[in-house]
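Report on the following structure.
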Amino acid sequence: MAKVWIDGETSIEVEDADGVNAVSLTVDDKEIIVSAGQTILEAVQRVNGIGNIPALCNHPAVKPYGACRICTVEVSEDGGSKFKFVAACLYPVKEGLVVKTNTEKIRTLRKGIIELMLARCPNVKRIQELADEYGVEEPRFVLGDQDCILCGLCVRACQEIIGKSAISLVNRGIYREVAAPFYAYELTEECIGCGDCAFVCPTGAIEMGDDGKPILPKVKIPYAEIEALMKKEAVTPS
Amino acid sequence: MVEQVRKLLEKRVESAAELEKLRQSILDKKDSSRTCVSVCGGTACRAAGAEAVVDAFVDEIERRELQIQVELKETGCHGFCERGPLVVIQPKKIFYQQVKPEDVPEIIAETVLGGKVVERLLYVDPSTQEKVIYEPDVPFYKKQTRTIFGANGEIDPTNIEDYIASGGYSALSKVLTGMKPQEIIDEVKKSGLRGRGGGGFPTGRKWQSCRDAEADIKYVICNADEGDPGAYQDRAILEGNPHSILEGMIIGAYAIGSHQGYIYVRNEYPLAVRHARIAIEQAMDYGLLGENILGSGFDFKVMINKGGGAFVCGESSALMASLEGKIGEPKAKYVHMSEKGLWDSPSLLNNVKTWANVPLIINKGADWFSKIGTAGSKGTMIFSLVGNINNTGLVEVPMGITLREMIFDIGGGIPNGKKFKAVQTGGPSGGCIPEQFLDTQVDFDELTKLGSMMGSGGMIVIDEDTCMVDVAKYFVEFLKGESCGKCTPCREGINRMSEILNGITHGKGKQEDLDTLEDLAGILSAGALCALGQTAANPVLSTLRYFRDEYLAHIEQKKCPAGVCRELIQYSIDPETCEGCLRCLRACPTGAITGGKREVHTLNQGLCIKCGACYDVCKFNAVIRQ
Ligand SMILES: Cc1cc2nc3c(=O)[nH]c(=O)nc-3n(C[C@H](O)[C@H](O)[C@H](O)COP(=O)(O)O)c2cc1C
Ligand code: SF4
Ligand code: SF4
Ligand code: SF4
Ligand code: SF4
Ligand code: SF4
Ligand code: FES
Ligand code: FES
């Protein structure tokens, strides 16, 4: 017999599921039985009131990607003695897994990630809300003024839902951005103007333009001042 | 055409016995008394002019009609690249360094024909000023244990018969004729071999999970992406002894049941690519690769894939994405690559050096291998020893050698009478180890304990004139440029670290900065998607751990104790000691110094750009840096 939580307060006792398709795991000290083949995030989101996992780069309609890292949780595969950090949106549920979604360490990590996001995108409402929730005040860094957190949802929506490749993520590191083919801001014929990219964007960085096509977020060369300094001072240990 | 096919069939070795026969016939043809002139043809020696030296030998040998008495061989890297082009006269191993084409007639006349040594081409030990005649006596080589790397200087990498003559492919024939796949894996497990690509993961265990994974198709991959700045040991092996890698891979493939392999090598390594390609062709011709290897019924093919050169493409999931023709971006590895890797098939990925160890373990046995090294790290490791050190190059040492032995005995210590300050190990995400740990035994676990790591074998020696905040900044800058940008902690976090470090080195550091750096380090290690981000804070954490004073001097006193950070130093002329020699005045690019002959010079701070030229040229120590 196992206890299955219907929501955070109510549980029912069920017969052990027949092993193959169901796994039981512990989330924040509560045992849940869920079907196998899903991620921790999916499982936790389906059971009301259990776990607390924010997610920014995940959407049920597209494949998980693991970019924002805000969904990080601690898991233990040995019954709770050794824990590691994993992205809940990617980590598959397993029999006997112990998951902690809201420990001190996790809150500190999420707070740090949110601080980094807020410093990049100080004016984005969704990030401001998360900052409030996790107690991030003024970021300790030079503020940027971007809207896009590079979660990649727009690109995946365009590819996986619409079957198009009208936009993609280009460039490395802090120069990464969402762009149309050939690294242009102008969209090509490939774009059918469906607006899915704008719809899934968690930060509102994409708007639909008057021509019925999305206006992609423009990356303002990040933290330009520091960049210039560094070019002057490129020092290598000899 | 028919002729070609006939030739091919003739070359094919159909069984282990035939391989032995072939080996014997190659050895019989070799005349051991014959002089062999071997010229290093590694990338570094080539850059120093080795090809012209080879041409000069060809001409001179022809001119004197010595083709029968003298064998000329172009080998792979010997490790002491700094002294290239290197020429070694076998069998005595007379060692000539920095050889030029003009030296060649003399070498032939004096050494090859006359049996005498050309003194001026010998290596002079800088610490004793003594000339060294034979290669093994050179202090740089003396403390090395060159089990993998030794063959590099002996064989011609473009000639499979050279490899076969030296015992090559005997490990393969041993496993194909007498060992079950599981026995091979047990032997590798027993040897204690750990991956040489960075993580130090037990190789046998990885092979086991690949073998146990149920699938029709499995892949074997050699990671020759080698993106660490300054490291080139993988290139040197692939260039100098490509068959040893192939042999290791074929054995691995047989052990896990794979029929297709890839060598993922960076595009910037054209010679390595060429030699690997020639090796594959020759091994195919000899029936040592391809279908029905050595008549055993086992098939295995290897393809070469050229990587685009991004550092992160060396990370296993990014490498496999790149092999699949996708963008080389890391993915979460919650299901292991050994179960679901390349095209979702079980994939066995090992580093070049790891593969190179495999034939040795099979031939000499796990017990032989595990006698070398420490309790947790067996065998040898190849390091690239660079930085502020007298002898730079590639060194192969047993695990467990101390840092002191590596730096002072093999490396010959710090040049220009400077003091040792730290050694940075493990590549860009490694750490800096200070003087008090010089007697640490070098192995996977000890380096990790000190906040650094083995990595792929990078070792950069740092002297007292180096600023540790600047060193941390250098590596953070490197990683910032190499971050793929996919995940928030790495993309944003490394950038912010760089921002803070730049502030500190520019005199804008704040007391809280050190806490912020430590917070960022925590976010990176717990939150980043792949190991690039997870380990990116190591350079900062290790310098904070051992050189916190230096950070504080930058922040509190706005001083750079090593005199490196320009914003924090000032040059001035001491009127008491200045002899008025005009040197500094002439050297100054901005006209900041004025004075006449035998007059005390003055330095105008307003015009000084702190280039340090005056400091370097003054013979009287009258220019002061503060
Ligand atoms: C950013 C990054 C770069 C890497 N680059 C290399 C590399 O150039 N060569 C290599 O062998 N391993 C590299 N690795 C380690 C590989 O991911 C992998 O662990 C290794 O190839 C496995 O082989 P081994 O078990 O023989 O060490 C890198 C890892 C990371 C995170
Ligand atoms: S609007 Fe264009 S770019 Fe956006 S999802 Fe639709 S097709 Fe793709
Ligand atoms: S535009 Fe929106 S959906 Fe696209 S990557 Fe940026 S934040 Fe994500
Ligand atoms: S840690 Fe860095 S390199 Fe690795 S996936 Fe994240 S952004 Fe890319
Ligand atoms: S080089 Fe030195 S000694 Fe000569 S003028 Fe300059 S400061 Fe004086
Ligand atoms: S540091 Fe350079 S610029 Fe300044 S005085 Fe000396 S030579 Fe001139
Ligand atoms: S939701 Fe999991 S990493 Fe973004
Ligand atoms: S390339 Fe010649 S010694 Fe390294």
Side-chain angles (χ1 to χ4, degrees), chain A residues 39-40 56-57 64-70 72 74-75 84-87 89-92 94 105-106 108-117 119-120 139-142 144 149-152 168-177 222-223 225-227 229-230 232-238, chain B residues 229 310 312 327 329-332 334-335 387-388 424 460 462-463 465-467 470-471 473-475 477-496 498-500 502-503 505-506 512-513 515-516 519-520 522-529 533 564-567:
Chain A
T39 64
I40 294 175
L56 281 171
C57 70
Y65 187 56
C68 73
R69 315 307 288 174
I70 202 82
T72 304
E74 288 189 81
V75 301
K84 60 182 177 185
F85 296 99
V86 301
C89 66
L90 286 165
Y91 202 88
K94 289 178 193 171
K105 278 190 201 156
I106 292 288
T108 309
L109 173 63
R110 289 194 193 137
K111 187 176 169 188
I113 295 174
I114 293 161
E115 183 184 9
L116 288 170
M117 287 179 172
R120 176 189 170 94
R140 291 169 284 181
F141 312 108
V142 184
I149 55 164
L150 297 167
C151 70
S168 59
L169 286 163
V170 298
N171 278 341
R172 283 212 297 247
I174 48 164
Y175 297 107
R176 195 171 169 92
E177 59 183 303
Y223 335 124
E225 207 187 296
I226 302 296
E227 287 294 304
L229 263 181
M230 255 159 34
K232 222 174 80 192
E233 271 285 292
V235 196
T236 46
S238 53
Chain B
V312 75
I327 298 169
E329 244 169 48
K331 283 190 296 227
Y334 299 141
V335 181
N388 305 127
Q424 201 277 351
I460 305 173
I462 293 167
D463 74 6
D465 285 348
T466 313
C467 166
D470 190 51
V471 167
K473 188 172 85 177
Y474 167 76
F475 288 109
E477 290 307 325
F478 175 84
L479 292 166
K480 179 181 144 184
E482 296 299 329
S483 159
C484 81
K486 180 173 179 175
C487 70
T488 317
C490 173
R491 179 189 63 238
E492 304 293 329
I494 298 181
N495 184 45
R496 297 309 185 171
S498 128
E499 204 172 275
I500 293 171
N502 270 293
T505 55
H506 284 83
E512 318 82 80
D513 283 352
D515 293 336
T516 313
D519 289 352
L520 286 170
I523 296 167
L524 278 160
S525 73
L529 188 156
V564 171
C565 300
R566 280 192 194 185
E567 311 288 322

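Nothing here was measured: the structure is a model prediction, and the numbers come from that model. Letters go in sequence order (proteins before strands), and every chain restarts at 1.
- The residues A/R69 and B/E492 are annotated as not salt-bridged, no charged nitrogen and carboxylate oxygen being separated by less than 4.0 angstrom.
- Considering OG of B/S525 and CG of A/L109, their distance stands at 8.5 Å, rounded to 0.5 Å.
- B/D519 is listed as a side-chain neighbour of A/R140, based on a closest heavy-atom distance under 4.5 Å.
- Most heavy-atom pairs under 4.5 Å with chain B: of the set A/I70, A/V86, A/T72, this distinction falls to A/V86.
- Residues A/G66 and B/C487 approach most closely at O-CB, 4.3 Å, considering heavy atoms.
- Using a 4.5 Å cut-off on side-chain heavy atoms (C-beta onward), B/N495 and A/F141 make no contact.
- In this structure, chain B has a heavy atom under 4.5 Å from the side chain of A/P92, while its backbone stays farther away.
- Only the backbone of A/I149 comes within contact range of chain B, with heavy atoms under 4.5 Å apart.
- For the pair B/R496 (side chain) and A/V142 (backbone), a donor-acceptor distance under 3.5 Å is present.
- Taking all atoms of both residues into account, the shortest heavy-atom contact from A/Y65 to B/K486 is O-CE, 3.4 Å.
- When heavy atoms are compared at a cutoff of 4.5 Å, B/E482 approaches chain A by way of both its backbone and its side chain.
- Scanning both residues, B/P489 and A/C68, for their nearest heavy atoms gives CD-O, 4.4 Å.
- Here the OH-NZ distance, from A/Y175 to B/K480, works out to 6.0 Å after rounding to the nearest 0.5 Å.
- Counting heavy-atom neighbours within 6.0 Å of A/K111 NZ, excluding the residue itself, gives a total of 12 or less.
- If you measure heavy-atom distances from B/A528 to chain A, the contacts under 4.5 Å come from the backbone alone.
- Only the side chain of B/L520 comes within contact range of chain A, judged by heavy atoms closer than 4.5 Å.
- Looking at B/L479, there are no atoms closer than 4.5 Å to chain A (heavy atoms on both sides), in backbone or side chain.
- Counting only distance, with no hydrogens or angles, the side chain of A/Y91 and the backbone of B/A332 share no donor-acceptor pair below 3.5 Å.
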